[in-house]
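First up is the structure itself, then whatever we jot down about it.
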There are 2 protein chains.
Amino acid sequence: VTGEFALIDLIHSRLAGPPGSGQVWVGDDAAVVRVRSGPLLLTADTLVAGVHADLSLTGVDDFGWKALAVSVSDIAAMGGDPAYALVAVSAPAGTDFAALFDGLSEAADEIGCPIVGGDTTSAGALVVTVAVVGHCDGDPVLRSGARPDDEVWVTGALGASAAGLRLLRAGAAATGEAAASMRAHARPQPHVAEGAAARRAGASAMIDVSDGLTADLRHLATASGVGFNLQDIPRAPGATLAEALGGGDDYVLAFTAPPRTAVAASFAGLRTPVRIGRCTTDPAEMTVDGNEVEASGWEHRF
Amino acid sequence: VTGEFALIDLIHSRLAGPPGSGQVWVGDDAAVVRVRSGPLLLTADTLVAGVHADLSLTGVDDFGWKALAVSVSDIAAMGGDPAYALVAVSAPAGTDFAALFDGLSEAADEIGCPIVGGDTTSAGALVVTVAVVGHCDGDPVLRSGARPDDEVWVTGALGASAAGLRLLRAGAAATGEAAASMRAHARPQPHVAEGAAARRAGASAMIDVSDGLTADLRHLATASGVGFNLQDIPRAPGATLAEALGGGDDYVLAFTAPPRTAVAASFAGLRTPVRIGRCTTDPAEMTVDGNEVEASGWEHRF
């Protein structure tokens with residue numbers, strides 16, 4: 001691929017056709033889509049090669065997958081349903097666009113969130129921004145609704161991504177448990193159905209675990225004015241407690257719900273949520289198994 | 001500014017409050033917005049410092065302005081009405097975020113397209129992607145609807161941005177005509193009202209002039225299967241014909257309409273459109289004042 005317009009042809013070849021009548025695919029100035037009535041969710045996340053992924057350890061196709069998955073995860077964290085994605089790629093010469101868009105389109109297909117447009121530009125670094133528009137059948141779950149005594153839940157075990165990265169860096173063999181962790185790191189799965197289930201169950205607040213469990217719960221603490229007493233954090237096989245608490249990039253959802261909410265009923269057939277503690281009245285409080293923990297997790301420096 | 005969360009506070013301080021009830025501002029996982037019924041327009045454009053703007057000639061605030069304006073221009077080119085913007089910024093250490101978001105928010109305020117969310121990441125280069133969601137009261141105007149004998153119109157004079165860039169590079173004094181060109185280069189104005197007027201008038205196809213008039217009309221030619229005989233291209237004061245035809249970055253709209261369409265009536269109170277020619281049957285044909293022209297304009301190389 002040498003020119004922008006040849007590249008656009010390559011991208012088109014990797015995307016499925018328009019998903020329905022009345023829709024205009026990539027190639028016009030803007031995509032034309034139909035949306036359901038009700039609130040619309042809008043989000044955009046950016047991945048930078050070398051910052052959010054080490055492309056000597058995972059593939060450019062994985063990078064594309066992850067870029068779409070992490071934006072979808074933000075929709076999941078509101079209890080919403082991803083509908084359409086826009087993909088903006090800035091890339092240096094020599095970038096393997098075919099692999100990048102393979103990963104993007106595999107994620108779009110598997111998640112059910114078609115890519116309807118975007119932009120490609122040349123730049124010194126590979127930077128991919130994915131904007132996602134989502135629906136929500138009901139009131140979106142915000143970060144600000146947690147109340148003291150609410151129970152805290154997560155939709156899966158934590159630390160797999162950090163453990164996978166550690167194993168990739170060590171050159172470990174990709175077998176069994178190690179392979180699963182590596183895959184969790186390379187191709188995170190947004191918990192879309194679980195987010196909607198938590199919303200239907202009556203979740204009071206929700207966030208996806210991208211920076212790290214305690215760091216992300218601090219965002220909930222700030223928005224809701226509650227603290228957290230946590231215990232028995234479910235760890236992914238092979239993950240350390242530090243990786244489970246601070247590793248991030250798991251895209252499990254953490255949510256709160258009033259005491260005695262019948263959470264399990266909404267999750268039939270989905271990943272089983274695990275209760276990990278309770279909200280307290282002091283927003284500065286964050287304990288795990290009785291020990292005070294510092295905020296940890298990823299923060300960009302400028 | 002040293003950390004991401006301090007930066008997010010800075011960004012919030014530069015954005016107006018939520019524009020209405022039922023809306024969640026930046027700071028949750030996704031923004032919650034209400035949209036009107038009818039088709040929704042989605043677009044995303046990326047600006048890379050050093051590629052799309054020379055920050056030794058124009059300010060970081062201008063870069064922010066332009067990033068929002070060019071995405072809005074894509075909505076204008078469909079005859080739509082911009083509603084909400086998401087801003088994703090990747091930036092190196094030392095970036096003047098205050099100035100960047102001043103420019104972004106000035107454009108958002110002036111255009112009436114509030115920034116409702118986004119992302120900030122650290123990266124080696126300043127890369128800004130703006131995704132815009134827009135409404136359209138009626139059928140969006142595509143690139144593919146032009147027919148032979150349709151008349152070709154532009155919503156303003158061309159070449160101002162290229163002339164302004166030339167003058168900035170030459171260190172010309174920013175007075176009079178030169179100042180206007182420089183400002184057109186630094187802070188392009190999307191023709192939102194004119195795009196809607198062209199749609200209401202019955203435009204058959206439309207595109208915004210970002211790559212250059214002839215390059216962008218080639219996109220229309222490909223999508224519609226028509227050629228173009230053009231003449232008397234309106235030039236911005238001080239712009240050469242080459243700058244008017246190939247300079248790009250003007251964000252004037254070019255549209256086609258069936259012969260004898262009463263275009264002017266829809267444009268009362270707006271920029272007066274200028275008729276510049278006619279569509280022909282041969283998609284390979286592109287003449288200006290009787291001379292065959294090569295495609296010219298910007299194409300990224302990878």
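Letters A, B, ... mirror the listed sequences (proteins, then strands); counts begin at 1. When reading the values below, keep in mind they use all heavy atoms of this one structure, side chains included, and skip hydrogens, waters and symmetry mates. What you see is a predicted model, and the numbers here were worked out from it, not measured in a lab.
Looking at A125(A), neither its backbone nor its side chain comes within 4.5 Å of chain B, counting heavy atoms on both sides. Both the backbone and the side chain of A88(B) come within contact range of chain A, each with at least one heavy atom under 4.5 Å from a heavy atom of that chain. Both the backbone and the side chain of D208(A) come within less than 4.5 Å of a heavy atom in chain B. Of the two parts of P140(A), only the side chain, counted from C-beta on, holds a non-hydrogen atom closer than 4.5 Å to a non-hydrogen atom of chain B. Within the 4.5 angstrom heavy-atom criterion, atoms from both the backbone and the side chain of L41(A) approach chain B. Within the 4.5 angstrom heavy-atom criterion, atoms from both the backbone and the side chain of A77(A) approach chain B. With a 4.5 Å cut-off on non-hydrogen atoms, V87(A) does not touch chain B at all.
Taking CG from D45(B) and NE2 from H52(B), the interatomic distance works out to 8.0 Å, rounded to the nearest 0.5 Å.
The residues K66(B) and D249(B) are annotated as salt-bridged, a charged nitrogen and a carboxylate oxygen being separated by less than 4.0 angstrom. A salt bridge links R36(A) with D81(A): the closest approach of a Lys/Arg side-chain nitrogen to an acidic carboxylate oxygen falls below 4.0 angstrom.
For the side-chain contact (heavy atoms from CB on, under 4.5 Å) with T129(A), the lone residue among V127(B), V130(B), T129(B) that qualifies is T129(B). For the side-chain contact (heavy atoms from CB on, under 4.5 Å) test with F97(B), the passing option among L104(B), V60(B), V89(B) is V89(B); the others fail.
In terms of non-hydrogen atom pairs under 4.5 Å with chain B, the most contact-rich of V48(A), L42(A), D74(A) is L42(A). Most heavy-atom pairs under 4.5 Å with chain A, from the set L40(B), V35(B), T43(B): that is L40(B).
A donor and an acceptor atom, one from each side chain of S204(B) and T256(B), are located under 3.5 Å apart. Residues S90(B) and T121(B) bring a donor and an acceptor atom of their side chains to less than 3.5 Å of each other.
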